[in-house]
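Notes follow the structure.
Along the sequence shown, residues are numbered consecutively beginning with 1.
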Amino acid sequence: YGGPDAYNRLINEGVVDAVYIPLPTQLHEEWAIKALDAGLHVLLEKPVAITERSYEDMLRKAVESHKFLMDGTMFVHAGRMKGFLDYCADEDNLGKVDRVNADFTFCGDDNFFKNDIRTKADGDPLGCIGDLGWYCVRMGLLVFGKMGKKPISAQATQYKANGEGVPMDMTCLIHFTDDCTLSFHCSFK
């Protein structure tokens, strides 16, 4: 499939059961809804949405359509993850886990900062938080979720954005029930 209407043709010709949507985050909701309306399962690149509302709308459409909507965060589906989470949750192994710390950074070059969609407000406006912080947040949600903990608040304690307002460097805290905390740093610098 190619050309300006390739996505529409792929979704509507009835030749596939599912689609992977690696488009810029700004386009996820539009194309996920179109695919779900066409009766297809959807695998979205991370981050799945720019806003909670957008994600909820996609989830609602998936339920209505009786189709799967999944994100493509690979490690969540890895065979070792269950064993890792079981190990973390067993207090005989590590004691009571009440803090997870994570860092995910890389040093972008001039070309990256000038041309990559992850640095553009009209492409992936969540920047480093959507691209790198996503993994940190998912791990915290998995570890604490295995122990029945729920997130209750989140805050950015350090934030640097580019001229378009896209996050380039961020340090965050997410507080969970039972005084558990995820702290993480993500950066393109």
Is the shortest side-chain heavy-atom distance between T181 and I174 below 4.5 Å?
no

Distance (rounded to the nearest 0.5 Å) between N115 CG and I117 CD1
12.0 Å

NZ (K96) with more than 12 external heavy atoms under 6.0 Å
yes

E164 side chain to A121 main-chain N or O, any donor-acceptor pair under 3.5 Å?
yes

Hydrophobic clusters here meaning ILVMFWY residues chained together by side-chain heavy-atom distances under 4.5 Å, can you tell me if F68 and V16 are in one?
no

Going by heavy atoms in the side chains, are H28 and Y55 under 4.5 Å from each other?
no

Cluster overlap M70 with I11, hydrophobic side-chain contacts below 4.5 Å:
no

Could you tell me if the side chain of D178 sits less than 4.5 Å from the side chain of D98, heavy atoms only?
no

To the nearest 0.5 angstrom, please state how far the OG atom of S65 sits from the NE2 atom of H41.
10.5 Å

side-chain contact (heavy atoms from CB on, under 4.5 Å) for W31 and L44? Distances and angles first, verdict last.
CA-CA 10 Å; W31 287 100; L44 284 170; over 6 Å; no

Closest non-hydrogen atom pair between G127 and V166, with its separation:
CA-CG1, 3.4 Å

Enter the distance from E29:CD to K34:NZ here, rounded to the nearest 0.5 Å.
12.0 Å

Can you tell me how far apart OH (Y20) and CD (E45) are? Round to the nearest 0.5 Å.
3.5 Å

Nearest non-hydrogen partners of A49 and S54, listed with the distance:
CB-OG, 3.8 Å

From CZ (F176) to CG (L182), nearest 0.5 Å
5.5 Å

Within-4.5 Å side-chain heavy-atom neighbours: C128 and S187
no

Looking at side-chain heavy atoms only, is the closest gap between D124 and D131 below 4.5 Å?
no

Closest heavy-atom pair and its distance - K146, A89:
CG-CB, 3.7 Å

Are side-chain heavy atoms of V42 and M58 found at a separation under 4.5 Å?
no

Between the main-chain N or O of I50 and the side-chain N or O of T25, is there a donor-acceptor pair closer than 3.5 Å?
no

Between A62 and L36, what is the shortest heavy-atom contact and its length?
N-CD1, 3.8 Å

R60 vs D57, salt bridge (Lys or Arg N to Asp or Glu O under 4.0 Å): CA-CA, chis, key distance, verdict
CA-CA 5 Å; R60 193 170 13 266; D57 289 347; 2.6 Å; yes

When you compare the side chain of H175 with that of L173, does any pair of heavy atoms fall below 4.5 Å?
yes

Closest heavy-atom contact between Q26 and P125?
NE2-CG, 3.7 Å

Where does the angle between the aromatic ring planes of F106 and F188 fall among parallel (under 30°), tilted (30 to 60°) and perpendicular (over 60°)?
tilted

Given the rule in the side-chain contact (heavy atoms from CB on, under 4.5 Å) test, do I129 and F184 qualify, once you have shown the distances and angles that lead to the verdict?
CA-CA 10 Å; I129 194 78; F184 69 93; 3.5 Å; yes

Heavy-atom count around N111 CG within 6.0 Å, excluding the residue itself: above 12?
yes

So do K67 and L40 actually touch side chain to side chain, heavy atoms under 4.5 Å?
no

Salt bridge (Lys or Arg N to Asp or Glu O under 4.0 Å) for R53 and E56? Distances and angles first, verdict last.
CA-CA 5 Å; R53 172 67 184 245; E56 288 171 349; 5.5 Å; no

Heavy-atom neighbours of F113 CZ exceed 12 at 6.0 Å
yes

Kindly write out the residues that satisfy side-chain hydrogen bond (donor to acceptor under 3.5 Å, both in side chains) with R138, not counting sequence neighbours, or none if the list is empty.
D71

Check this for me: D17, atom CG, are more than 12 non-hydrogen atoms of other residues, nucleotides or ligands nearer than 6.0 Å?
no

If you measure from CE on M168 to CE on M170, what distance do you get to the nearest 0.5 Å?
10.0 Å

Go through L43 and V19 one step at a time and tell me if the side-chain contact (heavy atoms from CB on, under 4.5 Å) criterion holds.
CA-CA 6 Å; L43 177 65; V19 291; over 6 Å; no

Is any side-chain N of the basic residue among K189 and D169 closer than 4.0 Å to the acidic one's carboxylate O?
no

We want to know whether H185 and N101 form a side-chain donor-acceptor pair, criterion being a heavy-atom distance below 3.5 angstrom.
no

Give the intermediate values and the outcome of side-chain contact (heavy atoms from CB on, under 4.5 Å) for residues Y7 and L23.
CA-CA 11 Å; Y7 274 74; L23 296 168; 3.2 Å; yes

Backbone of L141 reached by a side-chain donor or acceptor of K149 within 3.5 Å:
no

What one should report as the nearest heavy-atom pair of R99 and S183 is NH1-OG, 3.6 Å

Following the transitive rule for hydrophobic clusters with a side-chain heavy-atom cut-off under 4.5 Å over Ile, Leu, Val, Met, Phe, Trp and Tyr, establish whether L126 and F112 coincide in one cluster.
yes

In this structure, would F144 and I152 fall into the same cluster of hydrophobic residues linked by side-chain contacts under 4.5 Å?
no

Greater than 12 external heavy atoms within 6.0 Å of E13's CD
yes

Taking a hydrophobic cluster as the set of Ile, Leu, Val, Met, Phe, Trp and Tyr residues connected by side-chain heavy atoms closer than 4.5 Å, whether directly or through intermediates, do V76 and F104 fall within one such cluster?
yes

With sequence neighbours excluded, what pairs up with N93 under the side-chain hydrogen bond (donor to acceptor under 3.5 Å, both in side chains) test?
none

